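A quick note: this is a predicted structure, and the numbers were derived from the prediction, not measured. By convention here, the first residue in the shown sequence is residue 1.
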Amino acid sequence: MRDFPQFLWGPTAAARRPRLPSSPRAAVSTAPELLRAAACWALLGAAALAANPPGPHFSVLIRGGEVMDGSGGPAYRADIGIRHGRIAAIGNLQNARAATVINAHGMVVAPGFIDMLSHSDAALLRNGGCCSKIYEGVTTEVLGETASVATAGPLAGIALRRQRSLFAAQGVSLTWRRLRGYFRRLQRQGIRLNVASYATFGCIRESVMGLSSSVPTPAQLAEEQAMMAQAMRDGALGLATAFSYVPDIFARDPEVIAVARVAGRYGGIYATHVRGLGNINAGGIQEAIRIARAARLPLHIFHLQVNSNDGPLAASRVLGWINRARRLGLRVTADAYPYRAADNSAASMVPERFRIGGAAALLRRLANPRLRAEIVRGIAASARRFGTRRDPAGWRQEYVISVARPSDRRYLGKNFHILGGMMRLPPAQAVVQLLRREGGSFGRMFFNKSAASVRQIIAAPFVSIGGDAIDVDMADNDGYAVPHPRYFGSEARILVWAREKRLFGLSEAVHKMTGLAAQTLQLRDRGLIRRGYAADVAIFNPRTVQDHATYAHPWRYASGVADVLVNGVPVLLHGRLTSARPGQVLHGRGWRRGSGH
């Protein structure tokens, strides 16, 4: 028989513990003693339990971590109890019990990170959200920037047909037309991360007007506004434009303002990839401020940046314009990612007038020798914008990062100067040749920013973090892409910068990815460690958290994040992915439950 616990008996009673009787007769003679001992044990046990009563029961209990609550304030040590997907208690919970207990001693416990700009619309349906962003501590992805990639809509007409093709290329069948339908499918299939989305202006315009460059008629504009209103009732955060891409590049202030006003009436946000991205002389920042002010709604600027050739004061000038608008009463925020290089389609190097009508029209123009010569000159001018003293033409700043044809995989990771050598063509003509081979588009990465300007912008107090990337599973590496390292490392890199570059404190780094992000998106119960808030939590080692993806070797997950909880359920536990899919759709302020079909 196992000894009774020492603390129940006391130090002198141990010698008087009852022993099992050696025979039935002995059992009879010792029965009274056993009864007395049992009664004593019960009384002492009751006294011990009274002195140390069992605490509350939680589904998850996080013990002993350094809590950085997302507000930007100092860390404090506390336990966190989670029940029914919410933070139920914060403090000393030493007597509490839980089905899952996480030892967070020596770790930072933070709200889950919010990725302010994601393109995982198709990936979420393919794999539920796996895995690169979870390894960085991300618990919420924000979709909807541009129609140039697979995006949820809303959709009709030519936009529906084109998006159906884009989703199919990623192995997903498109079965919806409205954001509500996309959201329902996410919930039906199950997702690991939370999802929120803007209504994509490019989809709205293309649904009504195709890829035309014309100004909408009053009837067409009314149709665009009706689609925007429905998207807001479906749960959109607001309206998003992307003025580097077709068809957004053809829209001008009156059209965008009219559609944005609808978003504003439902409490939405105007978010934008500004015209002439990074070129401070293109007027993109001023256009964004002008639209938001006229439409009377908050402004958020995607991936705020300046070109390296615009001078050392370019970032200060842009931040000055934004701060002036903020002082005058306009709510302006931005996001950024911590890398010098950007990426998009090489078609964006083609002058705007040749992109009217989309990829098919561009291919027809590239087949025309006279028009092709003009396009070659335009591509060369685009590359010169990022030229350096050693590379004035800029061809060594531009890289091929994704292709569709097996025979073109040999060009992956090569800069455009090398591409030209491999094709035995001048670089601009080689780019045109590859565009023709690839159906009018291929993935391009280009170094357009200085390290100093990136750090200066990210340090601004109104700038949150957006990876501008797809959630990637390394099992999907099929050899057709050498992706930007931001697909694997943006959020982790911000924590590293806090530790090593001292750009800001760790608590401020956490705030940028949590409290500030949630406030920008107007999410009422996310982004903070607060009682009653949704239990989206990231637990990481501040001494070892690290991004590992590089430009040459991007297919590497971040490390140092041990546990990630989404709505109180672990999706990463002790460094290992779980099979849980507890993600939810986070609706904007205009959401109407059961609005239409």
Heavy-atom distance under 4.5 Å between the side chains of [X] and [Y], does that happen here?
X: P111; Y: V537; answer: no
X: V432; Y: I375; answer: yes
X: L521; Y: M116; answer: yes
X: W591; Y: L179; answer: no
X: V195; Y: T140; answer: no
X: L155; Y: L174; answer: yes

Answer yes or no: is there a donor N or O on one side and an acceptor on the other, between the side chain of [X] and the main chain of [Y], under 3.5 Å?
X: D471; Y: K133; answer: yes
X: N567; Y: P582; answer: yes
X: E136; Y: S490; answer: yes
X: T200; Y: C203; answer: no
X: Q187; Y: R185; answer: no
X: R192; Y: V571; answer: no
X: N194; Y: Q584; answer: yes
X: K449; Y: G278; answer: no
X: T151; Y: A147; answer: no
X: S348; Y: S345; answer: yes

What are the two closest heavy atoms between L277 and N307, and how far apart are they? O-OD1, 4.0 Å

Which atom of V350 lies closest to which atom of L362, heavy atoms considered: CG1-CD1, 3.9 Å

Checking S207 now: which residues fulfil side-chain hydrogen bond (donor to acceptor under 3.5 Å, both in side chains) with it, not counting sequence neighbours? none

Yes or no on ring-ring contact (aromatic ring centres under 6.0 Å, His included) for F447 and Y551, after CA distance, side-chain angles and deciding distance? CA-CA 11 Å; F447 287 83; Y551 294 110; 4.8 Å; yes

Check: Y198 ring centre within less than 6.0 Å of F302 ring centre: yes

F167 ring center within less than 6.0 Å of W176 ring center: yes

On the six-membered ring of Y480, is R409 placed so that its NZ or CZ lies under 6.0 angstrom from the centre and within 45° of the ring axis? yes

Can Y339 and H484 be said to form a ring-ring contact (aromatic ring centres under 6.0 Å, His included), step by step? CA-CA 9 Å; Y339 295 93; H484 194 299; 5.2 Å; yes

Salt bridge (charged side-chain N to carboxylate O under 4.0 Å, His left out) contacts touching residues 432-446 (sequence neighbours left out): E398-R444, D408-R437

